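These notes are about the structure you will find just below.
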Amino acid sequence: MKTEKLYPFNEIEPKWQKFWRQNRLFNVDTADAKNKYYCLMMFPYPSAALHVGHGRNYIIGDAVARYKMMRGFNVLTPMGFDAFGLPAENAAIKGALHPEESTLGNIRTMKEQFNKWGVEYDWEREVISCMPDYYKWTQWIFAKLYEKGLAYKKKAFVNWCPSCKTVLANEQVVDGGCERCSTEVTQKDLEQWFLRITHYAPRLLKDMGKLAEWPERVKIMQRNWIGESRGVEIDFRIDGMEDVLRCFTTRVDTIYGATFMALAPEHPLVSKLIKEAKDEEKLSREIQRMRNESKIARSDADVEKEGVFTGRYVINPVNGAKIPLWVANYILMEYGTGAIMAVPAHDQRDFDFAKKYDLPIVVVIDDPKSPLDANSMKEAYVGEGVMANSAQFNGLSSTDAVERIADYFEEKKFGKRSVQYKLRDWLISRQRYWGAPIPIIYCRECGIVPVPEKDLPVLLPHDVEFRPTGESPLKSSSRFVNTKCPKCAGPATRETDTMDTFVDSSWYYLRYITPKLNDKPFDPALVNRWLPVDQYIGGVEHAILHLLYSRFITKFLCDIGWVSFDEPFGRLFTQGMITKNGVKMSKSKGNTVSPDELINKYGADTVRLYTLFIGPPEKDAEWSDRGVEGAYRFLGRVWRLLEKGHRVPRPTPHQSQGPSKEAIDLKRKTHQTIKKVTEDLDGGFHFNTAISAVMELVNQSYDSLPHAESDASVRAVLSAAVEMVVLLISPFVPHISEEMWQRLGKKSSIFKVAWPSYDASALAEQTVTIVVQVNGKVRSRLEAPSDISDAELKEMVMADPKVLQYAQGKAIKDIVVVPKKLVNVVLA
RNA sequence: GCUGGAGUGGUGGAAUGGCAUACACGCUGGUCUCAAAAACCAGUAGCCGAAAGGCUGUGUGGGUUCAACUCCCACCUCCAGCACCA
């Protein structure tokens, strides 16, 4: 389609972009934290080209920053790049540039794109996580964690991606596959570094109470991920052995119904338990087979339950009953204690297992609606009910019994109350090149020694064979590996794994405050004045990983006295995805929309306006090129409104006898619009309705143009309305607004102007339209003075011919009056 | 399975107890034009009707209320997260 140029955006936009930079509109002096507003957008991974879906995040953030500026805040909006990571390395392996070159190149491209969008930042604070002056402090944080016992190394079964040839955190395994390449994840037994995030599980959960301004869905996801369960740990004696088996249950009310016990195949006592069994070899082979099944296959709920009897029995502490001890594939070593008491009558998994292996089923909680019979049950009864077959607890409600039995257990020392979490410690070592080296040295004499602060950063060597082999590429550099022990100066070797990039991004928001400091990660005094972040904006895909890790690191830094707050982000906004043809835009699906072409054709303001107008920003939205044209037409309309307003011939002065109805109406609309836009921006991020409100004002201004020719009062109100339109859209479409502002004869940048406030008296209406209903159906409308009394209004309504027509011959039961809005006549 | 979120014209959406469909896209007709584009004007939920007007209508079925897209109960569908978590 051929498009006419509706206004000279191609001249205007570069002009004002240059102006903002020259006038340092977005550069902040952090020494002055008075009235501060820290507006943070999630920093991106530097990819080759941004599409319009990426743009939503930055456009929203830019609009918020500009709005807050006009509200008089000292707004800090920094930007940086989450620059370590696999894609750059994988590209390099395919024979492209070194990761550093491609990353820095991509950063340059992205900054140009931000520029063209009119998305401005305080670039003097730019943070790039792959630069030594940044990762020096990522390493410093690791060293601090190590010092406090919160970073540790252990051999563990870990998630291994055979394609990326690296381990993955639990959070990075999606549907059993690698989050990057979807290759099925396998298990590998490796020595790995972990961060003890589980230590913070209770606080990460409890402090969510402080996050009132976070989206509920994000909090729910984090809560589920942390996965707290309250229950009881119970010790079962093993018949004929000294050892004790501890299990965890949330359903201690079912303890009298435990008919067997089951262990995870990986349980450390398994081999000892089967040692003297007569068919030990066969047993051990079976158990080995269960272990070898991948965790992914095993964790599928549809997988057939399997197990073997160990030949041993344990003693139920409440009644001394001897119950058989099994090893079963559905028991997870990672959760609880890796051992469960099985109650087939009241747990579906145990029920399935008992049916398969013909184990007894004992009902201990009866269904109050229909009594249960263990022989004929088709599925486990998992609801609440009345205690049965449970000695002194019979007759209690099962909910009471949970507490009563827990008390009894603690009294008798059979066990104690306990809390379990699904959250696992954070596995951070990666056998890859493009990441921050873990600052650890192994000395034959001194063991594991963290690199002292004065020796940081541990530089990532440039010349390395980084093709993945399953071993860390850094191992290939003997210059890197061989070093001296910082303690004894003896020969030593370096850790060759690098850190998960989520470590880099878990603290970047602190670095922006003092980005160039080289003797500290940040200046605590300033950071404590500027943080928590006032508004954080980003994609919901980071609801768990990045946000949880950042909360963890902040709490840690708070505990060691480096910051005085324990939650980093006050308000969080997560924008929805932009889709094309119903699916997320991505290069691989070939459905991306490039902003460059659109900006050339319509200008950046059009792309910004459409992006904000497309729908509620927290929801996903389908991109429409037609919609872009609509936004463009609107800007053209605003542009012409300004010109037409100027060209209206001046009315002859003799008509100036006070404001006309048109003038009062337009003035009211103007102030209603100020109110609506302000409330839409303050109350949430309702850009779409704010923009439609301004569109209405523009439409009404056009309608008043003919009146302005003959009526001086309309002319005056119209020019005020036009000025307001420009101010109200300026955070959304900054270039055209600056230009129009200048053409209105204003001297300063529009973003230095105070946001308008509305005049409540201008909102008042002299007459209102009253909707008249008969039996709840709209039958008529009346114009009435806005200060009319209820009684007078009723009288007016009852005189309305329409109402009379319907009311004829019927008794009036009631007349409901909603002042200034509606009257409902209720007929019998 | 569990936990959230959502379901409104041809489309994106607006309205959180009081005029359902604001605003925009699309479409139809018109003005201007040799023609087109742009701009401007009018129309645009469905059904009946020449019209006036009437009836129906916010996923489905019930309920509360003078009044329900909005609140309550049950269900259906879609999306997202989690999922053998004891």
Side-chain angles (χ1 to χ4, degrees), chain A residues 1-6 174-175 215-225 227-229 231 247-252 254 262 264 298-305 328-332 334-343 346-350 352-353 420-424 540-541 543-544 576-577 582 609-610 613-616 618-631 633-634 636-637 640 686 688-696 698-699 702 769-781 813-827:
Chain A
M1 183 191 273
K2 190 175 163 275
T3 13
E4 195 102 340
K5 189 154 287 172
L6 302 181
V174 177
D175 291 332
E216 204 54 41
R217 62 173 167 168
V218 173
K219 286 192 277 185
I220 287 163
M221 275 192 247
Q222 291 215 353
R223 206 169 277 133
N224 289 343
W225 192 262
E228 183 187 78
S229 288
C247 76
F248 172 76
T249 180
T250 54
R251 291 295 305 273
V252 72
T254 63
R298 244 176 75 197
S299 68
D300 186 344
D302 300 329
V303 160
E304 175 84 17
K305 301 209 172 3
N329 66 344
Y330 70 99
I331 312 304
L332 307 171
E334 308 82 62
Y335 186 76
T337 61
I340 62 144
M341 62 171 214
V343 185
H346 306 292
D347 181 285
Q348 191 56 43
R349 297 154 298 181
D350 299 346
D352 295 342
F353 194 84
Q420 295 288 328
Y421 298 93
K422 288 185 206 172
L423 185 70
R424 303 271 72 89
V540 74
E541 66 273 19
I544 299 173
M577 259 176 354
L609 185 70
Y610 176 63
F613 186 59
I614 193 167
E618 69 280 7
K619 289 214 264 174
D620 291 353
E622 172 75 12
W623 186 265
S624 144
D625 290 337
R626 297 283 203 178
V628 180
E629 282 173 37
R633 282 206 287 269
F634 171 71
R637 227 165 119 74
R640 287 192 305 276
H686 304 147
N688 55 329
T689 49
I691 290 165
S692 69
V694 180
M695 286 173 169
E696 287 184 49
V698 169
N699 290 347
Y702 264 90
T769 306
I770 302 291
V771 172
V772 180
Q773 295 182 330
V774 177
N775 283 343
K777 291 196 177 181
V778 179
R779 295 301 181 186
S780 181
R781 264 161 247 268
K813 222 164 93 182
D814 196 9
I815 301 176
V816 181
V817 178
V818 183
K820 295 189 189 186
K821 270 190 184 149
L822 171 142
V823 176
N824 188 11
V825 179
V826 187
L827 301 175

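Residue numbers start from 1 in every chain, and the chains themselves are labelled A, B, ... in the order their sequence lines are given, proteins ahead of strands. Source: prediction; values computed, not measured.
- On the P atoms, B:C19 is 22 Å away from B:G10, given to the nearest whole Å.
- Proximity of A:Arg217 to the phosphate of B:U3: no side-chain N or O atom is located under 4.0 Å from OP1 or OP2.
- For the OP1/OP2 pair of B:A14 and a distance below 4.0 Å, the side-chain nitrogens and oxygens of A:Asn688 include at least one atom meeting the criterion.
- Nearest to the side chain of A:Glu629, among B:G26, B:A22, B:C84, sits B:G26.
- Taking atom CG of residue A:Asn824 and atom C1' of nucleotide B:A67, one finds them 6 Å apart after rounding to whole Å.
- Residue contacts for A:Lys813: at a heavy-atom cut-off of 4.0 Å it reaches no nucleic acid atom on any strand shown.
- Within the 4.0 angstrom heavy-atom criterion, only backbone atoms of the sugar-phosphate kind lie near A:Gly630; the bases stay farther away.
- In terms of polar N and O atoms assigned as donor or acceptor, the side chain of A:Lys821 never comes within less than 3.5 Å of the base of B:C19 in a complementary pairing.
- For A:Tyr335, whose side chain is taken as the heavy atoms from C-beta onward, the closest listed nucleotide among B:A20, B:A86, B:C23 is B:A86.
- To the nearest 0.5 angstrom, A:Lys619 atom NZ is 12.5 Å from A:Ile614 atom CD1.
- In this entry B:C82 has B:G1 as its Watson-Crick or G-U wobble partner, both defining distances falling under 3.5 Å.
- B:C79 and B:C41 are spaced 42 Å apart, taking the C1' atom of each and rounding to whole Å.
- Taking atom P in both B:G9 and B:U21, one finds a spacing of 14 Å when rounded to whole Å.
- Considering OG1 of A:Thr250 and CD of A:Gln420, their distance stands at 10.5 Å, rounded to 0.5 Å.
- Looking only at distances, no side-chain donor or acceptor of A:Tyr610 sits under 3.5 Å from a matching main-chain atom of A:Arg626.
- Note on A:Val771: a base of the nucleic acid sits closer than 4.0 angstrom, heavy atoms only.
- Side chain of A:Asp814 to backbone of A:Asn824: no donor-acceptor contact under 3.5 angstrom is found.
- For the pair A:Lys820 NZ and B:G18 C1', the computed distance is 16 Å after rounding to whole Å.
- The distance from atom CD of A:Glu334 to atom P of B:A86 is 14 Å, rounded to the nearest whole Å.
- When the nucleotides B:A15, B:A86, B:C55 are ranked by their closest atom to the side chain of A:Ser229, B:A86 comes out on top.
- B:A14 is unpaired under the Watson-Crick or G-U wobble criterion, no partner having all donor-acceptor distances under 3.5 Å.
- OP1 or OP2 of B:U3 has not a single side-chain nitrogen or oxygen of A:Lys219 nearer than 4.0 Å.
- The phosphate of B:G26 (OP1 or OP2) has a side-chain N or O of A:Arg626 nearer than 4.0 angstrom.
- Not a single donor-acceptor pair, N or O on each side, falls under 3.5 Å between the base of B:C82 and the side chain of A:Asn224.
- Listed for the A:Asp347 side chain is no donor-acceptor partner under 3.5 Å among the backbone atoms of A:Ala342.
- If you take atom P in B:C78 and the same atom in B:A14, they sit 23 Å apart, rounded to whole Å.
- Proximity note for A:Leu822 (side chain, C-beta onward) versus B:A86, B:G18, B:A39: the nearest is B:G18.
- Positionally, the nearest nucleotide of RNA chain B for A:Phe634 lies more toward the 5' end than for the other of A:Gln420 and A:Phe634.
- The side chain of A:Val816 lies closest to B:C66 when the candidates are B:A14, B:C66, B:C84.
- When distances are taken from the side chain of A:Lys422 to each of B:A14, B:A38, B:C82, the shortest belongs to B:C82.
- For A:Arg223 and B:C82, the shortest distance from a side-chain N or O to OP1 or OP2 is not below 4.0 Å.
- A 3.5 Å limit on both hydrogen-bonding distances identifies no Watson-Crick or G-U partner for B:U65.
- The 5' end of RNA chain B is approached more closely, in terms of each residue's nearest nucleotide, by A:Glu622 than by the other of A:Glu622 and A:Gly627.
- Of the candidate nucleotides B:C23, B:A39, B:A86, B:C23 has the atom nearest to the side chain of A:Asn699.
- In this structure, the side chain of A:Arg637 does not engage the main chain of A:Val698 through any donor-acceptor pair within 3.5 Å.
- Figure legend. B:U28 is base-paired to B:A42; pairs are counted as Watson-Crick or G-U wobble with both atom distances under 3.5 Å.
- In this structure, A:Thr249 reaches the sugar-phosphate backbone alone: every heavy-atom distance under 4.0 Å involves primed, P, OP1 or OP2 atoms, never a base.
- Across all strands shown, B:A35 remains unpaired; no Watson-Crick or G-U wobble contact has both distances below 3.5 Å.
- For the residue pair A:Val343 and A:Asp350, the shortest heavy atom distance occurs at N-OD2, 2.9 Å.
- Here B:A20 is the nucleotide among B:G81, B:A20, B:U3 with the atom lying nearest to any side-chain atom of A:Val778.
- When both distances must be under 3.5 Å, the Watson-Crick or G-U wobble mate of B:C75 is B:G59.
- Here the separation of B:U77 from B:G61, taken at their P atoms, is 16 Å to the nearest Å.
- Using cut-offs of 30° and 60° for the angle between ring planes, the A:Tyr330 and A:Phe353 rings count as tilted.
- Considering only the side chain of A:Arg779, B:G54 comes nearest among B:C23, B:G54, B:G81.
- Spacing between atom NZ of A:Lys777 and atom C1' of B:C19 amounts to 14 Å, rounded to whole angstrom units.
- B:G46 and B:A68 are spaced 24 Å apart, taking the P atom of each and rounding to whole Å.
- Here, B:U8 and B:U58 have their P atoms 11 Å apart, quoted to the whole Å.
- Side-chain proximity of A:Met695 to B:C84, B:G13, B:A24: nearest is B:A24.
- Taking atom P on both nucleotides, B:U44 is separated from B:A52 by 12 Å, rounded to a whole Å.
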